[in-house]
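As the structure lists them, so they are numbered: ligands from 1, and atoms in each ligand from 1.
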Amino acid sequence: MAATILDGKEVAKSIRAEMTNEVENLKKQGLTPGLTVILVGEDPASHSYVKAKEKACQEIGIQSEVIRMDASISQKELLETIERLNQNPNVHGILVQLPLPSHISEHAVIEAIRPEKDVDGFHPINVGNLVIGQEAFLPCTPHGIVELIKRTGTRLDGKHAVVIGRSNIVGKPVALLLQQENATVTMCHSRTKNLEQLTRQADILVVAVGKAHMIGKEHVNPGAVVIDVGVNRMDSGKLVGDVKFDEVKEIAGFITPVPGGVGPMTITMLLKNTIEAAKKQALLPNGVKG
Ligand code: GUN
């Protein structure tokens with residue numbers, strides 16, 4: 001039987017409708033959640049992601065600002081900008097769009113953001129809290145993936161989840177979140193042997209590699225929930241995932257399309273983190289800890 005398509009756009013729309021109400025209520029109480037995104041350089045994919053984030057903020061009433069910087073900017077200048085935003089009580093969330101030019105240390109930049117404004121969930125403090133199961137800003141794509149899976153009605157408890165890809169942004173944190181939901185998690189990566197043998201055992205298969213069409217129906221356990229995180233632009237200009245959607249949808253239980261699956265959920269979780277950041281900071285003197 002053909003899979004149910006997991007429409008991330010629809011799910012995101014309903015969550016964002018709830019958030020619009022929440023932002024409206026916060027504004028009535030004098031609190032306008034604010035997000036500042038820093039975009040360095042001219043990477044076309046980053047530009048389009050940032051535009052989508054800005055639009056989503058505007059739609060639900062979050063105050064958003066994009067600081068665009070030339071690719072030649074020094075790391076020092078970037079760190080000074082971040083520090084200025086750390087001190088600004090109207091900015092509750094700071095996001096530096098990755099990747100950065102090679103002369104800038106991503107690690108140094110992420111560490112410079114105050115953990116309570118790190119709405120990406122990339123700061124080592126937030127990552128560490130996620131690992132030990134303490135309250136943390138959850139990274140947006142992994143969080144969006146788990147929300148999508150839950151909305152299929154699939155219970156994760158005791159299920160076998162296989163994650164392909166071990167990036168800090170998706171693979172590692174999604175494996176942790178799935179484990180926290182009591183799934184048994186197998187992590188696969190570029191050196192994994194017998195990939196197909198492992199993926200065929202998956203009740204839930206998360207593919208986050210960035211290689212167009214690498215997963216076919218031979219990798220998929222019939223009835224599995226297949227989450228495709230890949231966004232690959234073909235020479236034709238078409239966007240495709242890491243999964244051969246047309247053939248896998250014939251045997252999977254649920255499958256996310258690309259585009260329109262995980263992407264809208266990622267942005268939705270960013271909005272959620274920004275609202276949470278604003279609420280937490282509003283309880284603190286001067287808006288920031290320190
Ligand atoms: N580049 C690709 N995905 C992301 C993301 O989730 N956050 C940031 N900051 N940069 C990215």
Side-chain angles (χ1 to χ4, degrees), residues 8 12 35-57 62 64-69 71 73 75 78-79 81-82 85-86 91-102 104-127 130 136-148 163 165-177 206-211 227-233 239 241-242 256 258-259 261-274 276-277:
L35 172 70
T36 297
V37 175
I38 301 178
L39 175 59
V40 183
E42 296 302 328
D43 179 63
S46 291
H47 272 257
S48 87
Y49 292 142
V50 167
K51 224 185 220 168
K53 288 170 184 173
E54 196 179 16
K55 184 164 168 266
C57 282
I62 289 178
S64 79
E65 183 197 15
V66 178
I67 299 177
R68 293 180 170 80
M69 294 177 145
I73 191 166
Q75 178 168 312
L78 179 53
L79 294 180
T81 302
I82 291 170
L85 298 170
N86 279 338
V91 175
H92 305 105
I94 303 169
L95 182 150
V96 180
Q97 187 67 27
L98 304 176
L100 289 168
S102 57
I104 298 176
S105 156
E106 287 187 356
H107 186 68
V109 167
I110 290 167
E111 273 209 342
I113 299 169
R114 277 182 187 252
E116 55 270 47
K117 295 195 177 190
D118 167 39
V119 285
D120 253 333
F122 292 170
H123 190 287
I125 293 272
N126 282 314
V127 176
L130 168 64
F137 282 121
L138 301 181
C140 303
T141 302
H143 192 187
I145 290 169
V146 172
E147 286 299 315
L148 261 184
V163 177
R166 53 180 161 176
S167 68
N168 290 337
I169 294 183
V170 185
K172 285 182 202 163
V174 83
L176 283 166
L177 287 180
V206 179
V207 190
V209 177
K211 225 179 187 179
I227 306 289
D228 189 353
V229 189
V231 182
N232 309 288
R233 195 170 288 280
L239 285 183
D242 292 349
T256 57
V258 176
V262 173
M265 291 300 290
T266 296
I267 296 182
T268 304
M269 294 303 126
L270 172 66
L271 304 174
K272 187 179 164 73
N273 280 350
T274 303
E276 289 309 311

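Other residues, nucleotides and ligands contribute more than 12 heavy atoms inside 6.0 Å of the CG atom of Leu98.
What sits closest to atom 10 (N) of ligand 1 on the protein, heavy atoms only, is Leu98 N, 3.0 Å. Nearest protein neighbour of atom 8 (C) of ligand 1, counting heavy atoms only, is Asp120 OD2, 3.4 Å. At the top of the distance list for atom 11 (C) of ligand 1, counting protein heavy atoms only, stands Gln97 NE2, 3.4 Å.
The shortest side-chain heavy-atom distance between Leu138 and Met269 does not fall under the 4.5 Å cut-off. Residues Ser64 and Lys53 are not in side-chain contact: their nearest non-hydrogen atoms beyond the backbone lie 4.5 Å or more apart. A heavy-atom distance below 4.5 Å is not found between the side chains of Cys57 and Thr274. Side-chain contact between Val262 and Ile145 is present, with at least one heavy-atom pair separated by less than 4.5 Å.
Within the 4.0 Å heavy-atom shell around ligand 1 one finds Leu95.
Remark: ligand 1 atoms within the under-4.0 Å shell around heavy atoms of Phe122 are 5 (C), 6 (O), 7 (N), 8 (C), 9 (N). Each of the atoms 8 (C), 9 (N) of ligand 1 lies under 4.0 Å from some heavy atom of Val96.
The side chain to side chain contact (heavy atoms under 4.5 Å, CB included) with Val96 is formed by just one residue from the set Ile82, Thr81, Ile67, Leu39; it is Ile82.
The residue among Ile169, Val170, Val37 with a heavy atom at the shortest distance from atom 3 (N) of ligand 1 is Ile169.
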